[in-house]
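The next block holds one structure in the form of structure tokens; read it before the comments.
What's counted below: heavy atoms across the whole structure, side chains too, no hydrogens, waters or symmetry copies.
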Amino acid sequence: MEKFDVVVIGAGAAGLFCAAQAGQQGLNVLVVDNGKKVGRKILMSGGGRCNFTNLYIEPSAYLSANPHFCKSALARYTQWDFIDLVGKYNINWHEKTLGQLFCDDSAQQIVELLLAECELGKVTIRLRSEILDLQRDDSGEYLLKLNGTNVSTRKLVVASGGLSMPGLGATPFGYKVAEQFGLSVRPVSAALVPFTLHKPILDTLQQISGVAVPITVDAADGTRFKESMLFTHRGLSGPAVLQISSYWRPGQAVTINLVPDTDINHFIEAQRREHPNLSLKNSLARLLPKRLVDSLVELSLLPEVTLKQLNSRQQQQLVEQLTAWAVYPNGTEGYRTAEVTLGGVDTQHLSSQTFEARDVPGLYFIGEVVDVTGWLGGYNFQWAWSSAWACAQALANNLGR
């Protein structure tokens with residue numbers, strides 16, 4: 001039986017960062033993961049360049065049954081702290097839209113940073129390690145039966161992630177551990193995920209797969225995002241759709257404004273004065289991609305008339321269709337393409353300061369496995385860094401190092 005001060009389950013962003021921070025404070029730390037390599041989701045993220053944080057991190061950008069839970073960790077280890085660490089490793093980065101920070105070179109640099117930090121902390125990492133059994137004995141020691149060895153620890157950190165991207169090894173293991181020790185799990189669903197559409201609207205919009213437009217989109221609860229939307233062969237995607245998917249529930253509509261930066265009434269009136277014999281669809285093609293306008297006509301959302309034939313009732317309907325197009329998704333593409341998992345281990349069981357289970361001493365949950373889900377754009381990575389750091393400080397304080 002090997003003994004460690006801390007065992008971390010999961011070699012992703014949160015797990016590796018927590019292990020590194022705890023190790024650097026003198027703790028003997030083991031990380032176990034069922035995969036062949038560390039940081040698999042990191043390597044895939046941001047188109048291979050890892051959107052590692054955001055300049056505008058704030059608690060309001062996180063969904064949770066307890067919206068206050070994330071505040072402490074985010075305040076104690078901020079985006080600026082992680083940016084400083086990235087600078088220490090001479091990783092060049094750039095800002096894209098809305099404060100999103102990406103590596104100039106490759107997501108591999110973030111993985112190498114985490115491994116270097118783990119090395120500084122003398123962390124042991126064991127891959128292809130399946131946990132066959134997990135128990136807590138009467139003395140409070142956690143006993144893990146792995147394929148190949150048995151391990152014991154006083155402190156067990158679950159950083160096994162959610163269900164998103166099962167192709168990268170995602171499993172419900174963390175939720176099962178929570179339930180095994182009496183912690184409830186909030187309902188989980190795919191988040192930051194494209195929408196699928198019903199026929200016949202899908203048949204029409206499939207024809208414009210690849211077309212992108214800037215929009216605003218509203219969920220039924222009033223949440224709004226302004227970013228681009230992409231038409232795909234399955235339905236709708238792009239940043240605006242991924243963002244709103246976290247707030248959408250089955251059966252609800254999302255409301256899309258296709259012309260968020262245009263007073264459409266003013267535009268139509270001006271066009272009518274200058275080109276009364278121009279067809280409405282050719283006029284709108286000056287505002288929107290022509291293929292999209294053709295599709296809206298095919299869906300009977302726009303009338304086939306000239307500008308001078310357009311009556312006031314049709315114009316009112318036209319304004320409504322373009323600025324408040326109600327779309328009822330069929331569903332989402334699910335965990336296969338979801339960036340994160342909504343829901344998770346109920347925060348009412350955890351300390352927001354330490355991430356330790358209130359009624360199970362020595363058991364901690366951090367990162368995506370917890371019921372805290374950020375917006376698209378580096379928010380979920382920052383949650384991984386912040387929750388991991390807060391947990392590591394608690395581990396060091398608790399074990400007296």
Side-chain angles (χ1 to χ4, degrees), residues 4-22 27 29-34 41 59 62-74 76-77 131 134-136 140 142 144 153-164 169-189 191 340-374 379-399:
F4 290 88
D5 294 326
V6 180
V7 172
V8 178
I9 300 172
L16 290 175
F17 196 56
C18 181
Q21 297 298 311
L27 304 181
V29 184
L30 168 68
V31 177
V32 295
D33 193 280
N34 63 358
K41 278 182 76 173
Y62 293 85
L63 290 81
S64 174
N66 176 3
H68 301 291
F69 182 83
C70 65
K71 291 179 177 178
S72 173
L74 292 173
R76 289 159 61 211
Y77 190 87
I131 298 169
L134 167 60
Q135 301 295 333
R136 182 170 180 266
Y142 290 89
L144 292 84
T153 183
R154 299 292 297 179
K155 306 290 180 183
L156 181 67
V157 179
V158 180
S160 53
L163 299 175
S164 53
T171 73
F173 181 83
Y175 307 137
K176 289 179 177 174
V177 173
E179 288 170 342
Q180 176 185 343
F181 289 100
L183 284 68
S184 56
V185 176
R186 304 278 310 173
V188 294
S189 60
V340 289
T341 306
L342 192 67
V345 177
D346 196 330
T347 59
Q348 71 172 338
H349 300 293
L350 306 176
S351 161
S352 62
Q353 298 287 318
T354 66
F355 292 82
E356 186 173 17
R358 296 185 190 282
D359 299 324
V360 191
L363 180 62
Y364 301 75
F365 292 85
I366 59 172
E368 189 185 347
V369 75
V370 178
D371 174 33
V372 174
T373 306
Y379 292 89
N380 289 292
F381 273 120
Q382 187 59 46
W383 174 245
W385 316 136
S386 297
S387 60
W389 185 90
C391 179
Q393 306 315 301
L395 291 168
N397 292 339
N398 199 286
L399 290 168

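- Proximity of L395 to C18: side-chain heavy atoms (C-beta onward) are separated by under 4.5 Å at one or more points.
- Looking at T341, its side chain does come within 3.5 Å of a backbone N or O of L163 through a donor-acceptor pair.
- Neither side chain, E356 nor S351, offers a donor N or O lying under 3.5 Å from an acceptor on the other.
- Within the 4.5 Å cutoff, the side chain of I366 has no heavy atoms near those of the V8 side chain.
- Under the side chain to side chain contact (heavy atoms under 4.5 Å, CB included) test applied with F365, the options D346, L183, T347 reduce to a single match, L183.
- Centroid-to-centroid, the aromatic rings of F17 and Y77 come within less than 6.0 Å.
- Here the side chains of Y142 and V7 are not in contact, with every heavy-atom distance at 4.5 Å or above.
- Minimum interatomic distance between S164 and V340 (heavy atoms only, all atoms of both residues): OG-CA, 3.5 Å.
- V372 approaches C70 most closely through the heavy-atom pair CG1-CB, 4.1 Å.
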Derivation of the side-chain contact (heavy atoms from CB on, under 4.5 Å) call for L134 and L156: CA-CA 10 Å; L134 167 60; L156 181 67; 3.8 Å; yes

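- Among all heavy-atom pairs drawn from P59 and L74, the shortest one is CA-CD1, 4.2 Å.
- Scanning all heavy atoms of the two residues, the minimum distance from V158 to V369 falls at O-CG1, 3.7 Å.
- W383 and Y379 have their aromatic ring centers separated by at least 6.0 angstrom.
- Remark: aromatic rings of F69 and F355 are close, center separation under 6.0 Å.
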